[in-house]
Amino acid sequence: QVQLVESGGGLVQPGGSLRLSCAASGSIFSVNDMGWYRQAPGKERELVAQITNGGQTKYLVSVNGRFTISRDNAKNTVYLQMNSLKPEDTAVYYCNADIKPIRDLPPVNYWGQGTQVTVSS
């Protein structure tokens, strides 16, 4: 079984920073793309940032220049550094990853349980 465990959410004032972490554990042969999604109340889940196992990244336009995604392949962990946070960044943030549990099987998409980020004064 593969699990994605997130940490680092919380309450922060506008302009503040938070760093989210997501560690993949269990039966893992390789990890492909990893990313962060978010879902605010009454809105659809959206992709915030994504990173390939080679380090290529892409971002939601509204977070570009404020958020930075990175990964530690040795630890099967992805991070999201969030700076200059705004109230509209408030949402539940979900980790996502394509993981091959076994070499000869195709990758499977996994989700974390979500972590709340609240930006408010």
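- Considering only heavy atoms from C-beta on, Pro14 comes within 4.5 Å of Pro87 through its side chain.
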Exercise. Given the rule in the side-chain hydrogen bond (donor to acceptor under 3.5 Å, both in side chains) test, do Asn64 and Arg66 qualify, once you have shown the distances and angles that lead to the verdict?
Worked result: CA-CA 6 Å; Asn64 205 13; Arg66 299 188 296 123; over 6 Å; no
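- Inter-residue side-chain proximity for Ile51 and Thr57 is flagged as met; some heavy-atom pair is nearer than 4.5 Å.
- A cation-pi arrangement, defined by a distance under 6.0 Å to the six-membered ring centre and an angle within 45 degrees of its axis, is absent between Arg38 and Tyr94.
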Problem set entry | Stepwise side-chain contact (heavy atoms from CB on, under 4.5 Å) check, Val48 with Tyr37 | CA-CA 5 Å; Val48 176; Tyr37 288 72; 5.5 Å; no
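- Using a 4.5 Å cut-off on side-chain heavy atoms (C-beta onward), Leu4 and Ile99 make contact.
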For this session: Using the side-chain contact (heavy atoms from CB on, under 4.5 Å) rule, take Tyr59 and Thr68 through it: C-alpha gap first, then chi angles, then the decisive distance, then the call.
Result: CA-CA 9 Å; Tyr59 296 93; Thr68 302; 3.9 Å; yes
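- Contact annotation: the side chain of Val78 approaches that of Ile69 to within less than 4.5 Å [non-hydrogen atoms, C-beta and beyond].
- Residues Leu60 and Leu20 are members of one and the same hydrophobic cluster, defined by side-chain heavy-atom contacts under 4.5 angstrom among Ile, Leu, Val, Met, Phe, Trp and Tyr.
- The distance from the CH2 atom of Trp111 to the SG atom of Cys22 is 11.0 Å, given to the nearest 0.5 Å.
- What you find for Asn83 and Ser17 is that their closest heavy atoms are OD1-OG, 2.9 Å.
- By the 6.0 Å contact criterion, CD on Gln1 is open, its count of non-hydrogen atoms from other residues, nucleotides or ligands being 12 or less.
- For the residue pair Pro106 and Pro101, the shortest heavy atom distance occurs at O-CD, 4.5 Å.
- Of all heavy-atom pairs between Gln116 and Thr90, the closest is NE2-CG2, 4.0 Å.
- With a 4.5 Å cut-off on side-chain heavy atoms, Phe29 and Ile102 do not count as touching.
- Note that SG of Cys95 and CD of Gln113 are 9.0 Å apart. Values are rounded to the nearest 0.5 Å.
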For this session: Just do the side-chain contact (heavy atoms from CB on, under 4.5 Å) check on Asn96 and Met34 with the steps written out, would you?
Result: CA-CA 6 Å; Asn96 180 267; Met34 302 185 82; over 6 Å; no
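- Taking the centre of each ring, Trp36 and Phe67 stay at or above the 6.0 Å mark.
- In the hydrophobic cluster analysis, where Ile, Leu, Val, Met, Phe, Trp and Tyr join through side-chain heavy atoms closer than 4.5 angstrom, Val92 is grouped together with Leu47.
- The side-chain heavy atoms of Arg71 and Val31, taken from C-beta on, include a pair separated by under 4.5 Å.
- Within the 4.5 Å cutoff, the side chain of Asn76 has no heavy atoms near those of the Ser25 side chain.
- Closest non-hydrogen pair, Ser27 versus Val2, comes out as O-CG2, 3.2 Å.
- Using a distance-only test at 3.5 Å, with no hydrogens or angles considered, a donor-acceptor pair links the side chain of Glu6 to the main chain of Gly114.
- Within a 6.0 Å radius of CD in Gln39, more than 12 heavy atoms belonging to other residues, nucleotides or ligands are found.
- In terms of heavy-atom proximity, Leu85 sits nearest to Leu18 at CD1-N, 3.8 Å.
- Residues Asn53 and Asn73 bring no donor and acceptor atom of their side chains to less than 3.5 Å of each other.
- For the residue pair Lys100 and Leu105, the shortest heavy atom distance occurs at CE-O, 2.9 Å.
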